[in-house]
Amino acid sequence: MADSLLFNPRTYDPAHFDPETRRLLRATVDWFEERGKRRLIEDYRTRAWLADFLAFAAKERLFATFLTPASAADGHSGKRWDTARIAALNEILGFYGLDYWYAWQVTILGLGPVWQSGNAAARARAAELLSQGEVFAFGLSEKTHGADIYSTDMLLEPDGEGGFRATGSKYYIGNGNAAGLVSVFGRRTDVEGPEGYVFFAADSRHPAYHLVKNVVDSSKYVSEFRLDGYPVRAEDVLHTGRAAFDAALNTVNVGKFNLCTASIGICEHAMYEAVTHAHTRVLYGRPVTAFPHVRRELTDAYVRLVGMKLFSDRAVDYFRSAGPDDRRYLLFNPMTKMKVTTEGEKVVDLLWDVIAAKGFEKDTYFAQAAAEIRSLPKLEGTVHVNLALILKFMRNHLLDPVAYEPVPARLDAADDDFLFRQGPARGLGAIRFHDWRPAFDAYAHLPNVGRFREQADALCAFVATAAPDEEQSRDLDLLLAVGQLFALVVHGQLILEQAALRGPDEDVLDELFAVLVRDFSGYAVELHGKDSATAEQQRWALDAVRRPVVDAARSERVWQRVEALSGAYEMAP
């Protein structure tokens with residue numbers, strides 16, 4: 001039986017999208033299914049470059065249709081930057097293999113500075129390259145400095161003719177082996193400070209572009225490249241000065257959102273394999289799934305995965321409805337990056353605890369899922385970086401709400417053009433939010449939603465009366481524990497908002513919030529143990545611990561949903 005909450009290639013029909021989007025998504029699924037599992041795994045094991053997938057994408061104009069904003073579409077009605085359908089493709093590509101998603105993801109990053117640029121020639125060139133099936137790259141990170149763009153060593157020396165000669169290297173640059181256009185961040189040698197920053201477009205096929213190596217052992221080509229006197233013409237310059245800095249950060253705002261739905265796809269495929277294996281394996285005369293601890297682990301994995309999907313789907317709506325006066329997406333974006341991807345790790349770990357040695361076998365998808373799920377929390381900023389960012393919003397979100405018009409479900413065929421005119425990447429502390437409480441009020445009849453609400457209210461009291469003082473605010477170790485508690489409240493809020501729109505089984509919701517109650521209690525205990533926690537904070541932490549409301553009949557009903565996943569999907573050989 002197909003589960004309506006999970007992606008299943010056997011039954012997938014994205015009828016909520018327009019006909020061309022629906023066709024392209026289904027064609028992508030069919031391409032992978034026709035290729036089959038053996039080929040998928042063999043290419044992963046042999047680190048084969050993705051030429052066949054990119055040829056398919058070029059033939060179907062997949063990237064061109066999904067990644068060309070309407071302003072650069074030259075009247076093509078199907079082309080737009082639509083976060084809802086981008087998220088759907090992220091999930092599909094993650095489901096079949098993170099290598100495929102990665103080539104698409106770094107193309108998105110490479111396009112970010114271009115679509116934010118006022119350089120009409122560069123925009124037209126990018127649109128034409130997309131229509132030809134080319135991929136793109138984002139030349140930001142460096143071996144010595146990482147993504148510390150204040151310290152870039154990519155130097156642009158004026159050539160005396162209105163252009164520059166660029167010299168320097170970049171590191172961790174996906175698609176650097178094949179990109180038709182690489183958006184490269186550097187700084188001028190003749191201008192000091194932020195006004196010297198430059199984003200420019202380079203071609204990986206140019207003689208002055210030197211591909212050094214793939215820095216990872218993978219089909220993903222995560223390159224090191226070097227420019228030696230690369231000629232940067234005036235028509236190659238995308239941004240200068242502070243605008244170049246903002247373009248870098250705003251591109252990451254767009255791109256890091258994609259990690260959550262890729263993580264979801266990985267977990268879905270892994271779950272089908274794991275449940276089917278466990279349910280059909282007999283130990284001591286009983287199916288593995290007859291053991292209570294196995295049922296608990298698989299059920300926890302399932303409801304966590306459902307929570308990942310509900311949160312991410314709702315976050316899409318805030319992205320698509322964003323504007324100069326509504327920047328709430330800047331909280332929900334690092335949440336998808338940090339919280340959803342770490343939930344993905346927990347899902348795979350729970351599944352792996354059940355299937356044990358099977359998870360290492362070379363003929364399973366699970367073996368690559370177990371490896372690749374680890375990478376997503378570590379891309380586009382670490383968990384710690386994104387938690388620190390989330391903390392900037394905590395007081396306004398919890399204690400100082402303002403009125404907004406309700407954000408509707410956004411599956412309309414619209415162009416999300418604001419993402420390429422986000423403006424200066426600052427002012428986060430001034431962003432205001434709607435009241436988070438009504439989302440919980442709508443499900444107050446569910447025992448574990450009510451129990452979690454007690455913990456959320458307790459966190460508000462903590463922020464109001466026992467928040468870290470000035471000295472503690474320099475203790476990032478303590479702050480990160482607080483950040484995890486806040487992230488759980490935001491996570492629960494958007495899950496419930498999406499539940500109100502989609503109406504999933506309330507048994508599943510209550511079982512999910514039982515897990516979140518345990519999580520909150522765990523992070524509270526962690527805060528209690530921090531070296532710098534005050535006596536008042538320690539008391540608060542223990543007072544915030546709650547036991548989930550146990551309901552054996554509810555848990556059994558949710559288990560039946562999990563059990564039904566056995567045999568629901570197996571990739572074609």
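Here the two rings, on His269 and Phe7, have centers that are 6.0 Å apart or farther. Annotation: Phe53 is in aromatic contact with Trp31 [ring centroid separation under 6.0 Å]. Two rings, from Trp104 and Tyr100, have their centers 6.0 Å or more apart.
Residue Lys392 qualifies as open at atom NZ: its count of foreign heavy atoms under 6.0 Å is 12 or below. Atom CZ of Arg123 sits in a crowded spot, with more than 12 heavy atoms from other residues, nucleotides or ligands closer than 6.0 Å. Heavy-atom neighbours of Phe17 CZ from other residues, nucleotides or ligands within 6.0 Å: above the threshold of 12.
Taking 4.0 Å as the cut-off between side-chain N and carboxylate O, Arg432 and Asp400 count as a salt-bridged pair. Ion pairing of Arg410 with Asp82 is absent here, as no side-chain N (NZ or NE/NH1/NH2) approaches a carboxylate O to less than 4.0 Å. The pair Glu224-Lys143 fails the salt-bridge criterion, with no side-chain N (NZ, NE, NH1 or NH2) lying under 4.0 Å from an Asp/Glu carboxylate O. Salt bridge status for Asp475 with Lys530: absent, with no side-chain N to carboxylate O gap under 4.0 Å.
Each of Phe257, Phe319, Tyr318 was scored for a ring-ring contact (aromatic ring centres under 6.0 Å, His included) with Phe332, with one residue passing: Tyr318. None of Val347, Asp313, Thr261 except one satisfies the side chain to side chain contact (heavy atoms under 4.5 Å, CB included) rule with Met308; the exception is Val347.
Side chains of Glu372 and Tyr102: a donor-acceptor N/O pair is absent below 3.5 angstrom, by distance only. In this structure, a donor-acceptor pair under 3.5 Å is absent between the side chains of Thr65 and Arg80. Thr152 and Arg187 form no side-chain donor-acceptor contact under 3.5 Å, judged by distance and modelled atom types alone. There is no side-chain donor-acceptor pair under 3.5 Å between Asn177 and Ser223. One side chain, Trp101 or Asn90, offers a donor N or O that lies under 3.5 Å from an acceptor on the other. Using modelled atom types, one finds a donor on one side chain and an acceptor on the other under 3.5 Å when comparing Thr251 with Gln116. Asn214 and Lys220 are not linked by any side-chain donor-acceptor pair at a separation below 3.5 angstrom, with hydrogens and angles left out of the test. Side-chain contact, His434 with Glu497: a donor N or O sits under 3.5 Å from an acceptor N or O.
Nearest heavy-atom pair, Ala456 versus Val489, reported as atom, atom and distance to 0.1 Å: CB-CG2, 3.9 Å. Ser219 approaches Asp99 most closely through the heavy-atom pair CB-OD2, 3.1 Å. Considering all non-hydrogen atoms of both residues, Val407 and Ser321 come closest at CG1-OG, 3.6 Å. Annotation for Met154 and Ser169: closest pair CE-N, 3.8 Å, computed over non-hydrogen atoms. Taking each heavy atom of Phe440 and Gly492 in turn, the nearest pair found is CZ-C, 3.9 Å. When every heavy atom of Val114 is checked against every heavy atom of Ser183, the shortest pair comes out as CG2-OG, 3.7 Å.
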Steps toward side chain to side chain contact (heavy atoms under 4.5 Å, CB included) verdict (Trp115, Leu419): CA-CA 9 Å; Trp115 297 144; Leu419 298 178; over 6 Å; no
Audit row: Leu6, Tyr302, side chain to side chain contact (heavy atoms under 4.5 Å, CB included) steps and yes/no: CA-CA 10 Å; Leu6 302 187; Tyr302 173 77; 4.1 Å; yes
Side chain to side chain donor-acceptor pair (under 3.5 Å) assessment of Thr21 paired with Arg85: CA-CA 7 Å; Thr21 299; Arg85 66 179 186 177; 2.7 Å; yes
Check against side chain to side chain contact (heavy atoms under 4.5 Å, CB included), Asp412 and Arg320: CA-CA 10 Å; Asp412 48 308; Arg320 304 200 70 198; 3.7 Å; yes
Worked verdict on Phe200 versus Leu238 for side chain to side chain contact (heavy atoms under 4.5 Å, CB included): CA-CA 5 Å; Phe200 63 96; Leu238 303 172; 5.5 Å; no
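A donor-acceptor contact shorter than 3.5 Å links the side chain of Gln105 to the backbone of Gly255.
Scanning for ring pair (Phe, Tyr, Trp, His ring centres under 6.0 Å) contacts around Phe513 gives Phe452, with sequence neighbours left out.
Remark: Tyr209 OH to Ser204 OG distance equals 5.0 Å, nearest 0.5 Å. Note: Leu516 CG to Ile495 CD1 = 5.5 Å, rounded to the nearest 0.5 Å.
Remark: Arg26 fails to qualify as a cation-pi partner of Tyr12 under the 6.0 Å distance and 45° angle criteria applied to the six-membered ring. A cation-pi arrangement is not found for Arg242 relative to Tyr197, the charged atom failing to lie both closer than 6.0 Å to the ring centre and inside a 45° cone about the ring normal.
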Name every donor-acceptor pair, under 3.5 Å, that has one atom in a side chain of residues 128-137 and the other anywhere in the protein, sequence neighbours excluded.
from	atom 1	to	atom 2	distance (Å)
Glu128	OE2	Gln132	NE2	2.8
Ser131	OG	Glu128	O	2.6
Glu134	OE1	Arg205	NH2	2.9
Glu134	OE2	Arg205	NH2	3.4

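Trp49 and Tyr221 have perpendicular rings, their planes meeting at more than 60° on a 0 to 90° scale where under 30° would count as parallel.
Looking at Asp203 and Val182, their side chains never come closer than 4.5 Å, going by heavy atoms from C-beta outward.
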